[in-house]
**Student:** 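Dumping the structure here so I can ask a few things about it.
Just so it is clear, the values below take in all heavy atoms, side chains as well, and ignore hydrogens, waters and symmetry mates. Small disclaimer: the values here were computed from a predicted structure and weren't measured.
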Amino acid sequence: MGSGVDYKAVFNATVAPLLVLTPDFVIVAANDSYLRVTGRTRADLLGQHVFTVFPPNPDAANDPHAQGVEALRASLSRVVATGRLDTMALQRYDVEATGGSGGFEERYWSSVNAPVLGPDGEVKLIIHRAEEVTGFLKQLKRSRGRGVTGARAEQEEMETGVYARAYELLDLNERLKQGYRQQSQSMSALREAIERQRRFVFDASHDLRNPITGLLTELEVALSQPGADPDTDLQQILRKLLRDAERLNDLVADLLELSRLDTATPAATEPVDLAHLVVDELEHGTMTADVLTRLDQQVMVRASKIRLARLLNNLVANAERHTTTKIEIIVTTDPPDAVLEVIDDGPGIAPADRERIFERLRRLDDARRQDPGGSGLGLPIARQIAQAYGGHLYAADHPTGARFVLRLPLAA
């Protein structure tokens with residue numbers, strides 16, 4: 001059985017003046033009370049943009065109290081953006097006189113804008129309720145002309161106070177909203193930072209336990225066997241212990257480096273020739289893959305040579321773990337940047353993973369299979385060093401393999 005309620009009749013009979021707008025501010029409905037208070041017909045309003053049928057009064061452009069158009073537009077936009085009710089302070093919003101005279105009538109309004117949400121949570125319509133208070137304010141003005149001087153002063157002060165309190169409330173409301181948004185953003189960032197730190201501590205502890213467990217296991221095995229047992233391979237046990245100790249040392253060194261990068265100012269800068277840096281590091285390193293270089297000369301940056309060497313070695317070590325046959329290192333310029341690229345011909349990095357690999361202790365499945373002992377800290381350290389000197393390190397497209405690109409500002 002139907003309810004029998006004629007909602008259209010209820011809407012039209014509502015005492016409060018009401019408009020219904022689309023999210024583009026086009027009028028789709030107006031009740032009788034709104035038509036009476038504005039002196040308009042439904043034919044004047046329906047299908048029209050609200051600011052077309054109610055334009056600003058050009059004669060009141062310099063009146064600070066006559067900013068109703070801007071205030072209403074801002075309020076409606078907030079409703080669309082947030083999906084929440086928005087209450088406006090007292091506003092002067094003059095209405096164009098009927099009859100084609102072209103003049104405007106001074107009007108004052110107290111308005112509320114409420115969203116109508118669809119099933120998807122998006123704003124489908126806006127209900128605009130506009131209570132006119134013009135008569136009240138004009139009565140205050142008339143009262144000023146009657147009675148003793150003290151009464152006139154009191155009435156004048158009351159009228160001024162209405163405006164002052166309204167705009168104070170509007171300003172306070174805006175500042176409270178802004179403060180709430182800032183606080184929400186700060187709390188969200190803080191929660192995210194705490195969660196990242198929690199994951200980092202958990203993953204670092206897990207990675208440190210692996211070599212420690214290996215050390216303990218090998219020591220227990222060695223101690224449980226008689227020293228004269230011919231099956232005991234002491235050298236093999238010592239080699240395993242050494243590998244686990246080196247793994248521990250590498251992890252601790254990376255953690256200390258991250259701590260220094262997080263808490264200390266960047267190391268002192270000096271002019272660094274990137275081509276010379278590459279040549280020096282390749283000469284001192286032991287490479288397991290062929291390395292091809294294309295190095296422009298006199299590509300100068302200002303940074304710590306030690307830190308840049310660490311960055312380069314981390315990139316080369318990462319390339320060695322994943323390459324199939326060769327690694328390519330390129331140094332060139334792309335003003336205003338110096339550019340260093342390290343390219344391997346391995347399986348490459350999926351576009352969706354190109355930012356994830358710079359997260360601390362983040363190791364993709366392929367990397368774990370190829371190098372179970374990797375720390376997952378080399379690439380984050382390299383990026384943080386780049387950022388410390390005004391640069392950027394990222395993974396870029398390449399037809400085969402992975403391509404890491406470092407950009408640093410060219411030295412003057």
**Student:** Is there a side-chain contact between V80 and P23, using heavy atoms and a 4.5 Å cut-off?
**Tutor:** yes
**Student:** In the structure I gave you, are the side-chain heavy atoms of V37 and V95 within less than 4.5 Å of one another anywhere?
**Tutor:** no
**Student:** How many angstroms lie between atom CD1 of I349 and atom NE2 of H398, to the nearest 0.5 angstrom?
**Tutor:** 11.5 Å
**Student:** Do any pairs count as a salt bridge (Lys or Arg N to Asp or Glu O under 4.0 Å) and have a residue in residues 403-412, sequence neighbours left out, and if so which ones?
**Tutor:** D334-R407, D337-R407, E341-R403
**Student:** Just by modelled atom types, is the E281 backbone N or O under 3.5 Å from a matching donor or acceptor in the N313 side chain?
**Tutor:** no
**Student:** Thinking salt bridges, do R84 and D86 make one under a 4.0 Å N-O criterion?
**Tutor:** no
**Student:** With salt bridge (Lys or Arg N to Asp or Glu O under 4.0 Å) as the rule and sequence neighbours excluded, what pairs involving residues 111-131 come up?
**Tutor:** D120-K124
**Student:** What's the shortest heavy-atom distance between T87 and L85, and which atoms?
**Tutor:** OG1-CD2, 3.5 Å
**Student:** Evaluate the side-chain proximity of Y93 to N57: yes if any heavy-atom separation is below 4.5 Å, no if none is.
**Tutor:** no
**Student:** Are K305 and E270 close enough, and set up right, to give a salt bridge (charged side-chain N to carboxylate O under 4.0 Å, His left out), and what steps lead you there?
**Tutor:** CA-CA 7 Å; K305 187 174 182 180; E270 59 183 299; over 6 Å; no
**Student:** Does the side chain of R310 reach to within under 4.5 Å of the side chain of I381, using non-hydrogen atoms?
**Tutor:** yes
**Student:** According to the salt bridge (Lys or Arg N to Asp or Glu O under 4.0 Å) rule, which pairs have a member within residues 285-296, sequence neighbours left out?
**Tutor:** R294-E328
**Student:** Would you give the length of the straight line joining atom CD1 of I330 to atom CG of L406, rounded to the nearest 0.5 angstrom?
**Tutor:** 13.0 Å
**Student:** Can you find a pair of side-chain heavy atoms, one from N314 and one from L379, that are under 4.5 Å apart?
**Tutor:** no
**Student:** With salt bridge (charged side-chain N to carboxylate O under 4.0 Å, His left out) as the test, pick out the partner of E132 among R107, R36, R92.
**Tutor:** R107
**Student:** Just by modelled atom types, is the S184 backbone N or O under 3.5 Å from a matching donor or acceptor in the S188 side chain?
**Tutor:** no
**Student:** Do the charged groups of R354 and D397 touch, with an N to O distance under 4.0 Å?
**Tutor:** yes
**Student:** Go through it in stages, so that I can follow the logic: the residues are V20 and V116, the test is side-chain contact (heavy atoms from CB on, under 4.5 Å), and I'd like the CA-CA distance, side-chain angles, deciding distance and then a yes or no.
**Tutor:** CA-CA 10 Å; V20 181; V116 178; over 6 Å; no
**Student:** Report the residues that fulfil side chain to side chain contact (heavy atoms under 4.5 Å, CB included) with Q387, sequence neighbours left out, ordered by chain and then residue number.
**Tutor:** R383
**Student:** So I329 and L282, side-chain contact (heavy atoms from CB on, under 4.5 Å) or not? Walk me through it.
**Tutor:** CA-CA 10 Å; I329 302 177; L282 291 179; 4.2 Å; yes
**Student:** Looking at CG of L35 and CG of L45, how far apart are the two atoms once the value is rounded to the nearest 0.5 Å?
**Tutor:** 6.0 Å
**Student:** If you define the side chain from C-beta out and look only at heavy atoms, does anything of F104 sit under 4.5 Å from P56?
**Tutor:** no
**Student:** Tell me, do V331 and V339 make a side-chain contact under 4.5 Å, heavy atoms counted?
**Tutor:** no
**Student:** Where do N12 and R42 land on the side chain to side chain donor-acceptor pair (under 3.5 Å) test, with the steps shown first?
**Tutor:** CA-CA 11 Å; N12 286 328; R42 286 188 174 82; 2.7 Å; yes
**Student:** Provide the closest heavy-atom pair for A30 versus L19 in the form atom of the first, atom of the second, distance.
**Tutor:** CB-CD2, 3.5 Å
**Student:** Can you name the nearest heavy-atom pair linking A396 to V405, along with the distance?
**Tutor:** CB-CG2, 3.9 Å
**Student:** Check step by step if side-chain contact (heavy atoms from CB on, under 4.5 Å) holds for V291 and V316.
**Tutor:** CA-CA 10 Å; V291 179; V316 171; 5.8 Å; no
**Student:** If you look at every heavy atom in I357 and A395, which pair is closest and at what distance?
**Tutor:** CD1-CB, 4.3 Å
**Student:** Quick check on I306: does its CD1 atom have over 12 non-hydrogen neighbours (other residues, nucleotides or ligands) under 6.0 Å away?
**Tutor:** no
**Student:** What's the separation between atom CG in L315 and atom CG in L393, rounded to the nearest 0.5 Å?
**Tutor:** 5.5 Å
**Student:** Would you sort out whether T325 and D345 count as a side chain to side chain donor-acceptor pair (under 3.5 Å), showing the intermediate values?
**Tutor:** CA-CA 7 Å; T325 57; D345 61 354; 2.4 Å; yes
**Student:** Give a yes or no on whether the backbone of Y34 and the side-chain of N31 come within a donor-acceptor separation of less than 3.5 Å.
**Tutor:** yes
**Student:** May I ask you to decide if V272's main-chain N or O and H276's side chain share a donor-acceptor pair within less than 3.5 Å?
**Tutor:** no
**Student:** Less than 6.0 angstrom from the centroid, inside 45 degrees of the normal: does R73 satisfy that with respect to the ring of F51?
**Tutor:** yes
**Student:** Please walk me through it: do V112 and M88 pass side-chain contact (heavy atoms from CB on, under 4.5 Å)?
**Tutor:** CA-CA 6 Å; V112 176; M88 301 176 63; over 6 Å; no
**Student:** Ring-plane angle category for H392 and Y394, please: parallel below 30°, perpendicular beyond 60°, tilted otherwise.
**Tutor:** parallel
**Student:** Excluding sequence neighbours, so at least two apart, what forms side chain to side chain contact (heavy atoms under 4.5 Å, CB included) with P271?
**Tutor:** M300, R302
**Student:** May I have the step-by-step check of side chain to side chain donor-acceptor pair (under 3.5 Å) for S75 and N113, ending in yes or no?
**Tutor:** CA-CA 7 Å; S75 177; N113 299 302; 2.8 Å; yes
**Student:** Without swapping roles, check the side chain of T323 against the backbone of A319 for a donor-acceptor pair under 3.5 Å.
**Tutor:** no
**Student:** Please check if the side chain of H49 supplies one atom and the backbone of D24 the other of a donor-acceptor pair under 3.5 Å.
**Tutor:** yes
**Student:** Atom CG in L72, atom CZ in F25: separation rounded to 0.5 Å?
**Tutor:** 8.0 Å
**Student:** Determine whether F404 and L311 make a side-chain contact, defined as any pair of heavy atoms from C-beta on separated by less than 4.5 Å.
**Tutor:** no
**Student:** Do any N or O atoms from the side chain of D32 and from the backbone of A13 form a donor-acceptor pair under 3.5 angstrom?
**Tutor:** no
**Student:** At their closest point, which heavy atom of A289 faces which heavy atom of I327, and how far apart are they?
**Tutor:** CB-CD1, 4.2 Å
**Student:** Could you report the tightest heavy-atom contact between G83 and P115, atom names first, then the distance?
**Tutor:** O-CG, 3.3 Å
**Student:** By side chain to side chain contact (heavy atoms under 4.5 Å, CB included), which residues pair with D44, not counting sequence neighbours?
**Tutor:** R40, T41
**Student:** Hey, could you give me the CG/OG1 distance between L340 and T333, rounded to the nearest 0.5 Å?
**Tutor:** 12.5 Å
